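Worksheet: one structure, shown below.
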Amino acid sequence: MNMLNKKIVEKKLTSKTYTPKVLKELYKIFNLRTKQEKQKLRKILLELISEGKIYKDSKGKYRPLKDNLAIGTLELTRNGTLAFVWTESGDEIAIPAEKLGNALHKDKVLVEIIGKWYDLPEGKVIKVIERGLKKIVGTFQPRGRFAFIIPDDPKIQYDFYVPVEYFNNAKPGVKVVAEIVKYPSPTRNPVAKVIEVLGYSDDPSTDFPTIVVKHDLPVEFPEKVLKEVAKIPEKVTPKDLKGRRDFRNEIIVTIDGADAKDFDDAVNVKKLQNGNYLLGVHIADVSYYVKEGTELDKEAFKRGTSVYLVDRVIPMLPFKLSHGICSLVQGEDRLVMSLLMELNKEGEVVDFEVTPGVIRSYRRLIYDDVNALFSGDKEAYRKIGDLKEQLFLMKELKDILRNARRKRGAILDIEGGEVKIILDEKGHTIDIIPRYRGEAEVIIEEFMIKANETIAEIFNNFDLPFVYRVHEQPDPDTILQLKNYLSALGINFKLPKKIQPKLLQELLEKTEGHPLRSSIERLLVRSMKRAVYSSTNIGHFGLASYAYTHFTSPIRRYPDLVVHRLIRNFLKTNGKLTKKKIKELNKKLTKIAVHSSKRERTADEAEWDYTALKKIDYISRHIGDVFDVVVTSVTKFGLFVEIIDKYISGLIHVSTMNDYYIYNEEKSILIGERKGKIYKIGDKLKAKVIKADKTRMQIDFEIYNEEENKSNIN
């Protein structure tokens with residue numbers, strides 16, 4: 001019997017004496033004769049390739065990955081001039097456009113490291129290992145006997161050639177889904193075949209399938225997952241209560257938006273005799289139902305996160321769980337993982353307990369009602385006045401926690417320019433209104449932050465394998481850009497060598513009420529690194545947290561579900577693990593963290609794109625209308641502006657302006673040569689909408705001059 005295993009194969013293929021071999025030669029080396037043995041080797045080779053240990057070259061030879069080579073997934077930037085490769089371990093490699101070869105966005109590629117690009121390694125694509133894109137969505141444009149599809153995604157750098165036999169009755173200018181038949185070569189465009197005609201882009205029913213194909217989002221759950229879900233009970237049974245604390249007689253509430261469908265978290269607060277507060281954060285015990293290694297678990301890992309679009313959700317878990325047995329609905333028994341924290345008047349945790357529990361939500365509260373109660377509204381008092389004492393106690397504790405975070409220098413005041421998009425029954429946007437956070441939203445935010453920090457610190461203090469939510473320090477270069485932007489607005493701040501979040505919080509306080517406040521916030525967010533998941537704790541810069549995780553949303557985020565499993569394991573083993581188990585867990589959690597970060601980024605991009613489509617839908621029915629706008633950026637080709645309170649951005653091209661304008665790069669201003677008119681960041685203007693292109697996601701404005709328009713009328 002041949003004792004072939006992965007360790008033996010890896011050792012052989014990465015040894016100094018090994019010369020690259022094709023599959024048949026490897027069968028001989030390992031003395032494999034039976035069909036099963038050969039199948040086992042092929043499986044091992046595929047595993048080693050996916051782990052980035054070896055690769056298969058263009059001649060079919062298996063080669064070890066040397067120090068200057070890496071394998072990862074390619075992601076182009078929106079302007080197509082640069083790409084990044086993300087390796088399995090989460091490393092980032094920059095690839096200039098001219099070094100992409102024939103690789104496309106989302107391909108798995110082999111990269112040779114050839115230098116440095118700022119503080120990242122720079123690479124060159126040697127080989128496409130696996131094609132990432134199978135379908136594209138775009139606009140169909142016939143050219144006689146053939147056609148082209150112009151992809152919606154600006155990250156795809158090719159137009160796709162469509163021969164006449166692949167038209168599938170598509171009409172000029174319609175939006176289509178196409179299957180890639182041939183990938184690009186040095187001399188040829190890629191070829192695609194129309195498989196579905198969606199309709200014209202101004203029809204809102206095309207928005208959802210466009211986003212699904214563009215971001216490759218899984219919509220339907222596989223049959224084998226639904227079969228597993230069918231076996232899960234719809235109600236909590238007596239056997240589920242074994243080993244759980246019973247909180248069903250406590251007044252525990254959920255507080256969410258009016259349109260929330262799944263409820264992960266419920267809270268309660270009590271004042272203790274010693275003057276301290278007891279905060280209970282009760283999170284849906286999803287890990288009790290979603291067992292590791294099941295089809296349901298594999299699908300949840302694959303999805304990584306729920307995707308929240310304007311008018312629908314693509315859930316991580318089937319509705320029976322996310323809206324049913326795992327959702328903490330009012331009046332129903334639900335299983336939870338409870339974190340009880342005793343907090344002093346400084347907002348410090350002096351004692352805590354984590355325990356599986358059962359709750360029965362006393363009331364499903366809505367942010368708007370709680371905010372109205374706080375401001376003395378009589379109707380709100382009639383609705384939820386019986387909970388007034390508990391809610392004001394929550395507000396009191398929220399103020400303590402927020403002040404404690406302010407003192408330690410966390411960034412508190414980023415609103416993020418969020419909007420509520422109102423749609424009609426056909427999916428057209430009829431209004432866009434800014435979303436403001438009230439006291440109730442901040443209560444839940446503060447309680448969840450405190451819960452996440454407390455759980456993370458437990459694992460950090462025990463030095464156990466864990467999934468952290470980390471946020472790196474910003475790059476000095478990007479902070480310098482922020483400083484230059486602000487000095488163009490007349491706001492000056494000193495730039496110390498080591499950036500502290502406190503400095504950025506002070507900056508936000510300084511710009512309170514500024515017309516460009518939302519732009520400043522967004523630039524501040526852009527100047528900071530993305531928060532990601534990691535099995536190594538490096539702290540959270542923005543929150544000024546020593547250790548942070550995501551524990552509070554296991555219905556909609558896979559890392560939270562994993563954290564719950566780790567807690568359950570911790571409670572069972574009392575935190576004692578063998579060295580072997582620690583090594584295994586660390587490896588597994590690194591993979592989960594990298595994958596979850598990628599899925600989160602995809603979900604974010606899908607949400608932004610869908611919102612952008614709905615914004616363009618709104619503005620396309622306001623062509624010729626005039627809006628109040630603010631200049632958010634000045635370039636040599638024109639002014640980027642944003643409609644105040646609707647956060648809709650577009651360009652006033654310099655060619656539409658009534659003078660010849662010279663761009664002063666140092667001051668970031670445009671100066672009219674004849675009239676001397678100056679345009680700068682922060683200027684408020686009136687602008688007329690002249691064009692809205694849904695395919696390219698572009699909006700064009702022109703400056704509206706009331707005096708000129710009056711004289712034209714007269």
Side-chain angles (χ1 to χ4, degrees), residues 73 86 88-90 217-218 262 264-265 281-294 296-308 313-317 321-322 326 336-337 339 354 445 448-460 462 464-472 529-543 545-571 582 584-607:
T73 307
W86 298 82
E88 284 287 315
S89 56
L217 300 175
D262 49 25
D264 297 87
D265 53 277
V281 173
H282 309 271
I283 307 298
D285 192 356
V286 180
S287 68
Y288 181 80
Y289 296 104
V290 182
K291 301 287 190 229
E292 196 172 351
T294 58
L296 178 57
D297 178 45
K298 287 175 197 166
E299 183 67 17
F301 168 74
K302 198 171 120 192
R303 293 179 178 226
T305 177
S306 296
V307 183
Y308 289 86
V313 61
I314 303 173
M316 180 179 85
L317 299 169
L321 291 159
S322 63
C326 291
V336 288
M337 189 65 81
L339 171 62
V354 191
E445 182 188 10
M448 296 307 122
I449 287 172
K450 185 46 80 179
N452 285 330
E453 286 178 342
T454 304
I455 295 291
E457 282 179 21
I458 296 169
F459 282 83
N460 189 71
F462 274 85
L464 287 168
F466 197 56
V467 177
Y468 294 95
R469 179 73 170 170
V470 301
H471 188 212
E472 283 183 73
K529 301 266 179 84
R530 277 185 75 103
V532 292
Y533 298 105
S534 173
S535 57
T536 310
N537 181 29
I538 57 162
H540 195 294
F541 174 81
L543 295 170
S545 292
Y546 164 67
Y548 195 71
T549 190
H550 274 171
F551 151 75
T552 53
S553 293
I555 289 176
R556 62 188 180 91
R557 294 187 303 224
Y558 194 76
D560 303 51
L561 173 56
V562 171
V563 165
H564 277 235
R565 283 182 186 147
L566 294 170
I567 292 167
R568 182 166 260 117
N569 193 40
F570 178 84
L571 293 173
I582 286 172
E584 271 173 27
L585 254 180
N586 273 327
K587 195 176 173 185
K588 187 163 79 178
L589 296 178
T590 299
K591 190 180 173 185
I592 288 168
V594 171
H595 175 75
S596 299
S597 299
K598 276 185 195 164
R599 295 307 301 158
E600 179 188 43
R601 198 161 61 246
T602 300
D604 285 347
E605 287 182 3
E607 287 164 20

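What you see is a predicted model, and the numbers here were worked out from it, not measured in a lab.
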Notebook entry, point to check: At their closest point, which heavy atom of V307 faces which heavy atom of A603, and how far apart are they?
Noted result: CG2-CB, 3.9 Å
Notebook entry, point to check: Is there side-chain contact between I449 and Y548, with at least one heavy-atom pair below 4.5 Å?
Noted result: yes
Checklist line | Test item: T549 side-chain N/O and F551 main-chain N/O as donor-acceptor pair under 3.5 Å | finding: no
Next item on the list: Output yes when a side-chain donor or acceptor of H550 lies under 3.5 Å from a complementary backbone atom of N452, and no otherwise.
Entry: no
Item checked: Crowding at NZ, K598 (>12 non-hydrogen neighbours, <6.0 Å) -> yes
Check: Taking side chain as C-beta onward, heavy atoms only, is L589 less than 4.5 Å from Y533?
Finding: no
Next item on the list: Would you name the heavy atoms of P218 and I314 that are closest together and state the gap between them?
Entry: O-CG2, 3.2 Å
Item checked: Evaluation steps, side-chain contact (heavy atoms from CB on, under 4.5 Å), between E472 and F541 -> CA-CA 6 Å; E472 283 183 73; F541 174 81; over 6 Å; no
Notebook entry, point to check: Which pair of heavy atoms, one from C326 and one from A284, lies closest together, and at what distance?
Noted result: O-CB, 3.0 Å
Note to self: Less than 4.5 Å apart, side chain to side chain, heavy atoms only: is that true for M448 and V281?
What the structure shows: yes
Item checked: Within-4.5 Å side-chain heavy-atom neighbours: V286 and L321 -> no
Note to self: Checking L296 against Y289 for the side-chain contact (heavy atoms from CB on, under 4.5 Å) test, could you report, in this order, the C-alpha distance in whole Å, the side-chain angles of both residues, the deciding distance, and whether it holds?
What the structure shows: CA-CA 10 Å; L296 178 57; Y289 296 104; 6.0 Å; no
Item checked: Residues which pass side chain to side chain donor-acceptor pair (under 3.5 Å) with K588, listed by chain and number, not counting sequence neighbours -> E292
Check: What residues form a side-chain contact (heavy atoms from CB on, under 4.5 Å) with A531, not counting sequence neighbours?
Finding: R469, H471, H540
Checklist line | Any residue meeting side chain to side chain donor-acceptor pair (under 3.5 Å) with R565, in chain and number order, not counting sequence neighbours | finding: D297, Y558
Check: Do L566 and F466 have side-chain heavy atoms sitting under 4.5 Å apart?
Finding: yes
Checklist line | S306: partners by side-chain contact (heavy atoms from CB on, under 4.5 Å), with sequence neighbours left out | finding: Y308, V313, P315, M316, R556
Notebook entry, point to check: Sequence neighbours excluded, which residues qualify as side-chain contact (heavy atoms from CB on, under 4.5 Å) partners of F462?
Noted result: I458, L464, F570
Next item on the list: Indicate whether the side chain of T305 and that of E600 have a donor and an acceptor atom separated by less than 3.5 Å.
Entry: no
Next item on the list: Starting from the C-alpha separation in whole Å, work towards a yes-or-no answer on side-chain contact (heavy atoms from CB on, under 4.5 Å) for V467 and F459.
Entry: CA-CA 9 Å; V467 177; F459 282 83; over 6 Å; no
Check: Within a strict 4.5 Å, meaning less than it, do heavy atoms of the V562 and F301 side chains meet?
Finding: no
Next item on the list: Count the heavy atoms belonging to other residues, nucleotides or ligands that lie under 6.0 Å from NZ of K291, then report whether that count exceeds 12.
Entry: yes
Check: With a 4.0 Å cut-off, would you call E299 and R303 a salt bridge?
Finding: yes
Item checked: Beyond-backbone contact of I555 with D560, side-chain heavy atoms, under 4.5 angstrom -> no
Note to self: Under a 4.0 Å threshold between the charged nitrogen and the carboxylate oxygen, would E584 count as salt-bridged to K587?
What the structure shows: no
Note to self: Can you list everything that forms a side chain to side chain donor-acceptor pair (under 3.5 Å) with D285? Sequence neighbours excluded, please.
What the structure shows: R244, S287, R568
